[in-house]
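Since the structure is predicted, the reported quantities are computational estimates derived from the model, not experimental observations. Each ligand, and each atom within it, is numbered from 1 in the order the structure gives.
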Amino acid sequence: MSIIPALQWRYATKKMNGEKVSQQNINSILESARLAPTSSGLQPFEMIVISNQALKEKIKPLAYNQSQITDCSHLIVFAAWNHYSIDRINHYFDHYEKERDLPKGFSEGYKNGVTKQLTAMTLERQFEHAARQVYIALGMALTEAGALEVDSIPMEGFVNHELDLLLDLEAKGLKSVVIMPVGYRDAENDWQAEQKKVRKTSEDMITFIE
Ligand SMILES: Cc1cc2nc3c(=O)[nH]c(=O)nc-3n(C[C@H](O)[C@H](O)[C@H](O)COP(=O)(O)O)c2cc1C
């Protein structure tokens, strides 16, 4: 099974038709992001899934009035940890040891190394590190949506700190990174719908060293 057909089918949909995506498909898209690999397995992000139309209306002006915000079925907000705390790292390793039936403290050496490395960075760099993990999950979610023939858009075109305020993300120690409207294309009114996919050639992007 290859994901190439899904990647060819998907495109950054500009106009959606308001049709609802089934909970089963939403769950699969979220599950693909939950299963994404992350640095040291810490999964330093959360996803907020918004289907409330009134809230989507409030978000639209924060996203430069992009119509997909209100015409989508669900809006997924990917929000990363604003920093790596010792509590957060401890919580992960406790969970890891429990899930694998390991004696408590089994991961102490590795955990101390990870904690030292991450907390030595400035808070800004810590957030950037966490945000990089988000993009791996975003890629998985976009691909799974494509495989299910559900449309979606990766979106950075929004005012992060205003969305953080609206969703009260600071209280959870989170900052928004990227948002992903999910729904169905309005093919007749979407100028992008039938356009050729534009990508660099393989020759321009790939070097084989044998
Ligand atoms: C990180 C990121 C941010 C993006 N932000 C927006 C956005 O705010 N609005 C939008 O319509 N498209 C956005 N895009 C979509 C890109 O413009 C689009 O993926 C790219 O032009 C390739 O086209 P395709 O995805 O249709 O194949 C974004 C894509 C990425 C990966």
Side-chain angles (χ1 to χ4, degrees), residues 2-19 21 25 29-30 32-33 36-39 44-50 55-82 124-125 127-167 169 174-206:
S2 166
I3 59 169
I4 302 299
L7 295 177
Q8 277 161 343
W9 179 85
R10 66 145 299 281
Y11 73 106
T13 312
K14 300 296 171 201
K15 185 98 190 67
M16 294 186 143
N17 64 10
E19 197 186 321
V21 176
N25 280 348
I29 293 165
L30 297 169
S32 71
T38 54
S39 178
F45 66 90
E46 294 184 22
M47 293 167 282
I48 297 113
V49 187
I50 302 168
L55 184 54
K56 288 195 275 163
E57 296 285 353
K58 281 189 191 164
I59 294 172
K60 189 176 180 180
L62 312 182
Y64 308 104
N65 287 316
Q66 297 191 73
S67 68
Q68 308 98 312
I69 302 288
T70 43
D71 296 342
C72 72
S73 166
H74 292 70
L75 179 69
I76 305 174
V77 176
F78 289 83
W81 291 355
N82 55 7
E124 200 181 336
R125 286 274 298 128
F127 169 67
E128 279 169 16
H129 184 279
R132 282 203 292 274
Q133 317 310 311
V134 164
Y135 285 94
I136 300 169
L138 171 73
M140 303 287 174
L142 293 167
T143 308
E144 177 66 359
L148 296 167
E149 300 201 346
V150 171
D151 285 297
S152 64
I153 311 107
M155 263 194 189
E156 278 180 336
F158 64 99
V159 185
N160 300 57
H161 68 270
E162 290 190 11
L163 183 62
D164 297 355
L165 277 176
L166 181 67
L167 300 178
L169 294 183
L174 299 172
K175 281 160 84 165
S176 59
V177 175
V178 65
I179 58 179
M180 178 180 162
V182 175
Y184 292 102
R185 64 189 72 175
D186 177 357
E188 271 174 30
N189 297 306
D190 187 348
W191 61 277
Q192 280 276 23
E194 300 300 329
Q195 297 289 317
K196 185 172 189 257
K197 195 166 272 303
V198 180
R199 292 292 187 269
K200 290 200 237 174
T201 63
S202 307
E203 291 72 28
D204 282 344
M205 285 188 87
I206 304 166

Open item on the list: How far is atom 23 (O) of ligand 1 from the closest protein heavy atom, and which atom is that?
Closed with: Arg199 NH1, 3.8 Å
Open item on the list: Does atom NZ (Lys60) have a neighbourhood of more than 12 heavy atoms from anything else shown, all under 6.0 Å?
Closed with: yes
- [ ] May I ask you to list the atoms of ligand 1 that are less than 4.0 angstrom from any heavy atom of Gly157?
- [x] 8 (O)
Task: Expected output: side-chain Ser73 to main-chain Val21 donor-acceptor under 3.5 Å - done: yes
Open item on the list: Rounded to the nearest 0.5 Å, what separates atom CD in Glu149 from atom OH in Tyr184?
Closed with: 9.0 Å
Open item on the list: Determine whether any protein heavy atom is located less than 4.0 Å from atom 17 (O) of ligand 1.
Closed with: no
Task: Cationic N near anionic O, under 4.0 Å, Arg125 to Glu128 - done: yes
Open item on the list: Can you report which non-hydrogen protein atom sits closest to atom 25 (O) of ligand 1, along with the distance?
Closed with: Arg10 NH2, 2.8 Å
TODO: Quick one: do Val182 and Val49 satisfy side-chain contact (heavy atoms from CB on, under 4.5 Å)? Show the steps, please.
DONE: CA-CA 10 Å; Val182 175; Val49 187; over 6 Å; no
TODO: List the closest protein heavy-atom neighbour of atom 27 (O) of ligand 1: residue, atom name, distance to the nearest 0.1 Å.
DONE: Lys197 NZ, 2.5 Å
- [ ] Pick out which of Arg185, Arg10, Gln68 makes a side chain to side chain donor-acceptor pair (under 3.5 Å) with Asp151.
- [x] Arg185
Task: Non-hydrogen atom of Val178 closer than 4.0 Å to ligand 1 - done: no
- [ ] Applying side-chain contact (heavy atoms from CB on, under 4.5 Å), run through Lys175 and Asn160 and close with a yes or a no.
- [x] CA-CA 8 Å; Lys175 281 160 84 165; Asn160 300 57; over 6 Å; no
- [ ] Measure from atom 6 (C) of ligand 1 to every heavy atom in Gly146, Pro154, Gly139, Ser152 and give the option owning the shortest one.
- [x] Pro154
Task: Top protein contact for atom 3 (C) of ligand 1, by heavy-atom distance - done: Glu156 N, 3.5 Å
Open item on the list: Under a 4.0 angstrom heavy-atom cut-off, which atoms of ligand 1 come close to Ala12?
Closed with: 15 (C), 18 (C), 19 (O), 24 (P), 25 (O), 26 (O)
- [ ] Take atom 21 (O) of ligand 1 and look for protein heavy atoms under 4.0 Å from it; say yes if you find one, no if not.
- [x] no
TODO: Starting from atom 9 (N) of ligand 1, locate the nearest protein heavy atom and write down its residue, its atom name and how far away it is, to 0.1 Å.
DONE: Gln66 OE1, 2.8 Å
- [ ] Check each atom of ligand 1 against the heavy atoms of Gln68 and keep those under 4.0 Å away; list them by number with element.
- [x] 11 (O)
Open item on the list: Which of the numbered atoms in ligand 1 are under 4.0 angstrom from any heavy atom belonging to Lys14?
Closed with: 10 (C), 11 (O), 12 (N)
Task: Protein contact of atom 7 (C) of ligand 1 - nearest heavy atom, named by residue and atom, plus distance - done: Met155 CG, 3.5 Å
Open item on the list: Can a side-chain donor-acceptor contact be found between Tyr11 and Asp190 if the only test is distance below 3.5 angstrom?
Closed with: yes
Open item on the list: Measuring from atom CD of Gln192 to atom NZ of Lys197, what distance do you get when rounded to the nearest 0.5 angstrom?
Closed with: 9.0 Å
- [ ] Nearest 0.5 Å please: distance from the CD atom of Glu162 over to the CG atom of Leu166.
- [x] 9.5 Å
- [ ] May I ask you to list the atoms of ligand 1 that are less than 4.0 angstrom from any heavy atom of Tyr11?
- [x] 26 (O)
Open item on the list: As an exercise, state the distance from CD1 of Ile48 to CG of Leu174, rounded to the nearest 0.5 Å.
Closed with: 6.0 Å
Task: Under-4.0 Å heavy-atom contact with ligand 1, by part of Gln195 that carries it - done: neither
- [ ] Record the part of Val198 in heavy-atom contact with ligand 1 below 4.0 Å; permitted values are side chain, backbone, both and neither.
- [x] neither
